Structure formats: structure tokens, C-alpha cells
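What follows is a set of notes on a single structure, which appears directly below.
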Amino acid sequence: MATGNGIPSSLLDKLREVAKQFFALPAEEKHKYSRAANKVEGYGQDGVVSEKQIFDWSSRLSLKVFPEDQRRLNFWPENPSDFIDVLHEYVVKLKGVMDILFKAMEKSLNLVEGSFSSQFGDNSLMKARFNFYPPCSRPDMVLGVKAHSDRSGITVLLQDDEVGGLQIFKDDKWINVPVIPHALVVNLGDQMQIMSNGIFKSPLHRVLTNTDKLRISVATFNTPEPDKEIGPVEQLIDEKRPRLYRNVKNFAAFDYECLQKGKVALEEAKI
Ligand SMILES: O=C(O)CCC(=O)C(=O)O
Ligand SMILES: [Fe+2]
């Protein structure tokens, strides 16, 4: 949980506000930004992969925010009118926060500076995902997001300022993540688990639904450049802690292939 993260509280509030305003638009207006059936970028619900699939109780708007020249502005809402500026300001500041996180993680393991950040590269990908969870009459029947670990390197999450629901799996139990309005939740993804040779964990997490309140969140995923090979930092491999993972490239694509075969990418990357 990063409080005092250097991002003004007013900007965090504004980001939640523009997210709420976007999701409150009439369906036809939101559908201007609909994602294509086989793509993740844009507005929509879960893609359909099988007949037996259980859907998440949520809608999302996913946008690639960095590298800046890869932004597809046709998916960026024009309504509310300050959406684009607020998102831009947030992600620029968040990049600075991510740089501090890399340095802190490297330092905490006595690593050479850049051990992690250089694996992400200068053109690492950043995607912002706005999640909208409407109230749900049967919270016992359906989840807002099913249990998963993030396949990113690092995820930074801005939660709803009032409504909880995020849980993390720890010591064989689901634990509620507290709601702290101006804190950012830092969640390490599968690729950090690989780079840290298993020292940092990519935790399972899920989101519960709620009978009478809607919830929003903004997850920002930072991922290494897809054509860069990533792997456990050499300094973290020794006789006591042998190399756990092989090097991988384009983990997102690898993860997708594994999913289709019913396999878990982190397991498949093990030596
Ligand atoms: O809404 C949340 O609190 C978490 C969302 C999440 O886990 C995700 O978007 O990957
Ligand atoms: Fe997640």
C-alpha cells in the first residue's frame, strides 16, 4: 500500500471521477469505444472463450498509455471532456512512482541499480484498465473479477474511495484489502516473480461483488518491452537458490497460449 506516493490526492479523486462519469454514459455512447472481438483494447466485458465460461460482473475500458506513440486515441473517451488530460497527467506521474518502486525493490535485494528496470527497457508498456462493477443482486453467485494473478511486471491500483471488494490470497485465506482513499495498491505480477527468481510473489487476488453499491478501480499495468527477453537476475541465482525460471520473451503472448491449453504460464516457465 503506497500512501504519500507523491501523486496529488486531487488528481487521484479526479481520475476516479472521470472514470465514474464515463461508465455512467448511455450505452450507445460507450459503445463508440468498444473493443474488437479478439482484442483487449477498448470498452467491453469479458471476451467469450467457451460455452461454459462464467463471466465477471464488470465492464472495463482498457487503454495502452505508453509508449506514447502507440496510443490509439480512437478508444480514449471524449466524454467527460477532461478524461484524456486527467489520464495523461496521472500516468506521467505514475511512471515516476514506478521508477521509485524499481529502485526500492532493487535496493531491498542488494541488487545493482537497473537490475529490474533495464529488463523492462526504455519503452516498457503501460496499460490502464478502468474497471466498473455494478451492484449485483447475488454476490454469493458471481465475482467482480475471478481469482487471478497479474501477468504484468508491476501493477499499481487505484481503488474505489468507499467500496471495498478486493481480496488477496495469503496463508490459505482470502484477506480483504483495506480501502484507503489516497493510497495506491502495488501488486507485483508474474514477470516480477520470474525476474526476482521467485523471491517476490505475484499474488492471487479477486474482487467480490456488492448488493447495493457500484465500485470502480483503475489498474495500471507496467510490462517489459515485448521483444525483450526477461529472466531471473543473475545475482539472485546461487547454490542455495537455484534458477527457478527460464528466460522468456513476450510473456503476454506466452500466457495467452498457455491459457488456451489450460496451463499456467508461471508454471510452464519453470525449469
Ligand atoms: O478492481 C480491483 O480492485 C482489482 C482489479 C484487478 O485485479 C485487475 O484489473 O487486474
Ligand atoms: Fe488483477
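Just so it is clear, the model here is predicted, and its values are computed rather than measured. All ligand and atom numbering here is 1-based and tracks the order in the structure.
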Practice task
At a cut-off of 2.8 Å, list the protein N/O/S atoms near the Fe ion (ligand 2), residue plus atom name.
Solution key: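 Protein N/O/S atoms under 2.8 Å of the Fe ion (ligand 2): His148 NE2, Asp150 OD1, His205 NE2.
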Exercise for the section: Run through Glu229, Met195, Glu225, Lys228 and flag the one making a side-chain contact (heavy atoms from CB on, under 4.5 Å) with Gln119. Expected result: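 Running side-chain contact (heavy atoms from CB on, under 4.5 Å) over Glu229, Met195, Glu225, Lys228 with Gln119 returns exactly one hit, Met195.
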Handout entry: Check: Phe22 ring centroid to Tyr43 ring centroid under 6.0 Å
Key =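 Ring centres of Tyr43 and Phe22 closer than 6.0 Å.
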Problem - Whether over 12 other heavy atoms sit under 6.0 Å from Lys201 NZ - result: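 Counting other residues, nucleotides and ligands, NZ of Lys201 exceeds 12 neighbours.
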Any donor-acceptor pair under 3.5 Å linking the side-chain atoms of [Y] with those of [X]?
| X | Y | value |
| --- | --- | --- |
| Asp13 | His182 | yes |
| Asp150 | Thr155 | yes |
| Ser59 | Gln45 | yes |

Problem - Other ILVMFWY residues reachable from Leu204 by side-chain steps of under 4.5 Å - result: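 Its cluster mates, by chain and number, are Phe169, Trp174.
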Exercise for the section: Under the ring pair (Phe, Tyr, Trp, His ring centres under 6.0 Å) rule, collect the residues that match up with Tyr245, sequence neighbours excluded. Expected result: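 Scan of Tyr245 (ring pair (Phe, Tyr, Trp, His ring centres under 6.0 Å), adjacent residues dropped) gives none.
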Handout entry: Neighbouring protein residues of ligand 1 - any heavy atom closer than 4.0 Å
Key =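 Ligand 1 pocket, heavy atoms under 4.0 Å: Arg129, Asn131, Tyr133, His148, Asp150, Leu157, Leu166, His205, Val207, Arg215, Ser217, Ala219, Phe221.
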Handout entry: Derivation of the salt bridge (charged side-chain N to carboxylate O under 4.0 Å, His left out) call for Lys93 and Glu89
Key = CA-CA 6 Å; Lys93 294 218 157 60; Glu89 198 181 338; 3.6 Å; yes
